Colleague: 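Can you read through this structure? Questions will come right after.
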Amino acid sequence: MGWNGDPVWLADVLRGAGLAVIEHEGWRERGHGDFLDIRGVLCHHTAGGGPNDWRVVQDGRAGLPGPLAQLVLEKDGTYRVIAVGVCWHAGRGSWPGWPTDNANYHTIGIEAVSRGTPPWDWTPAQLDAYKRGCAALLRRIGRGAGDCVAHREYSSEGKIDPAGIDMNAFRRDVQALLDGRGGDMAFLEEKITNYHGEQVTVGTLLHYLDKHVGLALDQLSGAGTARGADFPGWDFLGDRTTAEALGVIGAALKIPGFRDPATDERA
Ligand SMILES: [Zn+2]
């Protein structure tokens with residue numbers, strides 16, 4: 001892989017994946033020295049579960065100075081960016097492709113806010129953001145979901161976190177995100193030729209498709225039709241829709257086949 005440097009891109013990469021991010025003051029200077037190279041993401045739970053769990057991650061605890069992880073993931077799916085440098089989160093352990101007992105210098109740690117005991121308190125928003133965040137980080141460092149690892153899988157010290165998360169299913173979802181599947185919206189950025197022969201993104205095309213179909217519906221049947229109103233008609237056509245007005249005019253002009261839809265008067 002070679003040198004990746006410190007992940008000064010953490011906040012941008014997460015935001016770029018559509019995730020909510022809080023950048024803690026001084027995060028770009030915080031850490032226990034520089035990364036060697038970044039080979040993966042190590043997933044944890046805080047074993048707290050409250051809104052202040054991040055404080056221990058940032059400041060440390062007796063005998064273990066902070067920062068203890070680069071990222072904290074809140075229950076609502078918001079990422080707190082705590083540190084850019086090496087953090088004390090991995091301890092001793094091993095994983096294929098990672099240096100044994102030295103993961104702190106090679107992995108980004110995510111401390112997800114959770115009690116860590118049943119009944120599991122993970123929220124859907126948090127689990128979704130957990131997978132999306134891991135996918136975004138792995139994409140940035142050029143690694144697959146196989147380098148998204150639970151602390152309990154890596155650790156030789158009996159860690160259990162993140163408890164309540166099936167890591168094989170988790171990695172499947174992360175890989176699906178990396179591959180552009182699983183609800184990923186990357187296809188919106190793909191280019192396509194529009195009606196005018198211009199190259200636009202699928203997202204732009206959908207925007208104008210929605211807008212123009214709505215305008216056409218309103219033109220034909222009255223303002224608000226595109227918003228769900230039932231053909232309200234136009235006041236300047238006697239509260240008739242375009243089609244109704246044509247029928248009335250045709251009937252008055254005695255054009256064969258036309259009729260006033262209100263009176264059923266035929267030409
Ligand atoms: Zn842990």
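Because the structure is predicted, anything quoted here is derived from the model rather than measured. Order of appearance sets the numbers: ligands from 1, and atoms from 1 within every ligand. What's counted below: heavy atoms across the whole structure, side chains too, no hydrogens, waters or symmetry copies.
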Colleague: Side-chain donor-acceptor pairs under 3.5 Å in residues 214-224, sequence neighbours left out?
Modeller:
unit_1	atom_1	unit_2	atom_2	d
Asp218	OD1	Gly224	N	3.2
Asp218	OD1	Thr225	N	2.9
Asp218	OD1	Ala226	N	2.9

Colleague: I'd like to know if Asp53 and Arg55 make a salt bridge, using a cut-off of under 4.0 Å between side-chain N and carboxylate O.
Modeller: no

Colleague: Is Glu25 salt-bridged to Arg30, cutoff N-O under 4.0 Å?
Modeller: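 No, no charged N to carboxylate O under 4.0 Å.
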
Colleague: Tell me how many protein N, O or S atoms are within a distance shorter than 2.8 Å of the Zn ion (ligand 1).
Modeller: 3

Colleague: When you compare the side chain of Lys75 with that of Asp121, does any pair of heavy atoms fall below 4.5 Å?
Modeller: yes

Colleague: Going by atom type alone, with no hydrogens or angles, which donor-acceptor pairs under 3.5 Å involve a side-chain atom of residues 90-98 and a protein atom two or more places apart or on another chain?
Modeller:
unit_1	atom_1	unit_2	atom_2	d
Arg92	NH2	Glu157	OE2	3.3
Trp95	NE1	Gly146	O	3.1
Trp98	NE1	Asp147	OD1	3.0

Colleague: For Leu237, enumerate each residue passing the side-chain contact (heavy atoms from CB on, under 4.5 Å) test, keeping only those at least two apart in sequence or located in another chain.
Modeller: Trp234, Arg240, Ala245

